[in-house]
Number of protein chains: 2
Amino acid sequence: MSTIRAAREAAQSLSSKVQTALEGLIWSGALPPGARLNEVTLARQLGVSRGPVREAARALERTGLVTVILNRGAFVRTLTIDEAMQIYELNSVLFGSAAARLAVACTGEQAMTLRAVVEQMDQRIAGGDPEGFFAGNIVFHEQIMAFSGNAAMEAVYLDHTRKLLLMRRRSFDRSGSMAEANAEHRRLLDSILAGDASLARQQAEQHTRSGRARFLTAIAYKDGGPRVGTAAEKNAATI
Amino acid sequence: MSTIRAAREAAQSLSSKVQTALEGLIWSGALPPGARLNEVTLARQLGVSRGPVREAARALERTGLVTVILNRGAFVRTLTIDEAMQIYELNSVLFGSAAARLAVACTGEQAMTLRAVVEQMDQRIAGGDPEGFFAGNIVFHEQIMAFSGNAAMEAVYLDHTRKLLLMRRRSFDRSGSMAEANAEHRRLLDSILAGDASLARQQAEQHTRSGRARFLTAIAYKDGGPRVGTAAEKNAATI
DNA sequence: GCCGCCCGGATTGTAGACATTTTTTCCCCG
DNA sequence: CGGGGAAAAAATGTCTACAATCCGGGCGGC
């Protein structure tokens, strides 16, 4: 029956598979920000026709990964710092709301799950596994959103976090950031378990802001610093 | 040059026009919730090929108006009461955040605009123009979201409000609701102009909850009441 | 020497045709 | 007379072909 499940999952439309492939190409940098998605080239590379490629591109447009211009095609979206800041603010509100909700309605099982994730992240920090920590970090936030019980909020959070993830991976290069972030996770979890909704909301929002700060620091390191400051005119610098 | 502008606006892809047409069909009830979007029929009716219809349907899927199932097509989405409640909660958080932000950063021009909208709604209530009030109500909320200066939040709010609008129009059938809602608008605007972010957030959230209550009342009237209560098992009743 | 114009190549937008899946219908069997 | 199953019909998924549009290079005029 495992084969049945496999066959069932394999039976998704070509567009979906193409969409996943395109996400991978964007992720890996093979399609850098600003690049145009040439329909015939991509179709040939992926061994499909232009139709599925077009549908996948339009789907990616709705998720915000690309923008399409009439008669000119789809371009990999370049997120400005301003847009990233706005997404952080949005995520802050959503994550804070979810934490507050969870503080008054957290089950024992959920608490154990969250504790386990935090423990695991600590181990991965100690073991020098930044990729593992990164994955655990995502799980922690997504679990809290999922446990909050509002599917609409969760979907919005996931959508926007994915956009940020396109560039955020580098934010945790320094091990100090990871320990700092996980300490915040632990404090937030304590507040939730204590049932203090107001404190949990505040800590969740603060944690998101800290993540934003870590992200900006990483950007500054990467780009050499001065640019972030000088480009403040429009903050149009792509990341 | 007016002709140039007109030509420029007319020069949008067929998919966009088809999408608008489909939204209209769903809006008007010609495509009731649960109905399947027959590609060849719609294509024939609209005088285009299946391609644009498909693209429009996929676009509508991302906006949440339809859901598409592999090999079965696109169906007009049926929003459950649970989902509507979750969207109200999400909107409450977003609207509250925007109001709080606006309370500390509202310009004089923005204040005048909002005041004018509220005045206009009052006039339309007095003039017995529920459709006009309904439009003004949307403008008021969207203006606050726009003035808050976070495009990401605004986009999320608009997207989800549009889903609710599919059914919310009937919520204001009783004139008492309109007066009540506009009184809340006025109080919220006063808080914003007073610069009290905390109060503005609270009033904005409260206003959204009131809107949810008005909506539930309208639903109860429409469906005869008992169903909402008994269907609480899964709240799967479509609206 | 520079600007504007025109034309060819390339690319996207749309239409129509074929393949695959789903749904419906109808017949046969119990 | 009701239910199961197979075949036909219909609908979607995908592919190929054609039309409209946009970008870059070269030419002529000022």
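Convention: sequence-line order gives letters A, B, ...; per-chain numbering from 1. Remember, it's a predicted structure, so these values are computed and weren't measured experimentally.
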May I ask you to test the B:His141-B:Phe95 pair for a side-chain heavy-atom distance under 4.5 Å? yes
Please state how far atom [atom1] in [X] lies from atom [atom2] in [N], giving the value in whole angstrom units.
X	N	atom1	atom2	answer
A:Asn71	D:dC22	CG	P	5 Å
A:Leu70	D:dC23	CG	P	11 Å
B:Arg54	C:dG16	CZ	P	16 Å
A:Ile69	D:dC22	CD1	C1'	12 Å

Pairs where residues 63-78 of chain A contributes a residue and the test salt bridge (Lys or Arg N to Asp or Glu O under 4.0 Å) is met, not counting sequence neighbours: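 Sorted pair list: A:Arg77-A:Glu83.
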Protein proximity profile, nucleotides 5-11 of chain D - base contact B, sugar-phosphate-only contact S, no contact -, cut-off 4.0 Å on heavy atoms: ------S
B:Phe147: ring pair (Phe, Tyr, Trp, His ring centres under 6.0 Å) partners, not counting sequence neighbours: none
By ring pair (Phe, Tyr, Trp, His ring centres under 6.0 Å) - contacts of B:His160 (at least two apart):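 By the ring pair (Phe, Tyr, Trp, His ring centres under 6.0 Å) rule, B:His160 matches no residue at all.
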Check the phosphate of D:dG13 against B:Arg58, side-chain N and O only, distance under 4.0 Å to OP1 or OP2. Yes or no?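 Yes, within the criterion.
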Using OP1 and OP2 only, check whether a side-chain N or O of A:Ser15 sits under 4.0 Å from D:dT14. yes
Set of salt bridge (Lys or Arg N to Asp or Glu O under 4.0 Å) partners for B:Glu39, sequence neighbours left out: B:Arg50, B:Arg54
Can you name the atoms? Protein N/O to nucleotides 15-18 of chain D N/O, anything below 3.5 Å, with the distance.
residue	atom	partner	partner atom	Å
D:dC15	OP2	A:Ser49	N	2.9

According to side-chain hydrogen bond (donor to acceptor under 3.5 Å, both in side chains), who are the partners of B:Ser15, at least two apart in sequence or on a separate chain?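 If we apply the side-chain hydrogen bond (donor to acceptor under 3.5 Å, both in side chains) test to B:Ser15, skipping adjacent residues, the hits are B:Glu55.
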With A:Thr67, which residues qualify under side-chain hydrogen bond (donor to acceptor under 3.5 Å, both in side chains), at least two apart?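 Once residues adjacent in sequence are excluded, A:Thr67 has no partner under the side-chain hydrogen bond (donor to acceptor under 3.5 Å, both in side chains) criterion.
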For a quick test of your reading: what N or O donor-acceptor pairs under 3.5 Å do the side chains of residues 59-66 of chain A make, sequence neighbours left out?
residue	atom	partner	partner atom	Å
A:Arg62	NH2	B:Asp159	OD2	3.4
A:Thr63	OG1	A:Leu60	O	2.9

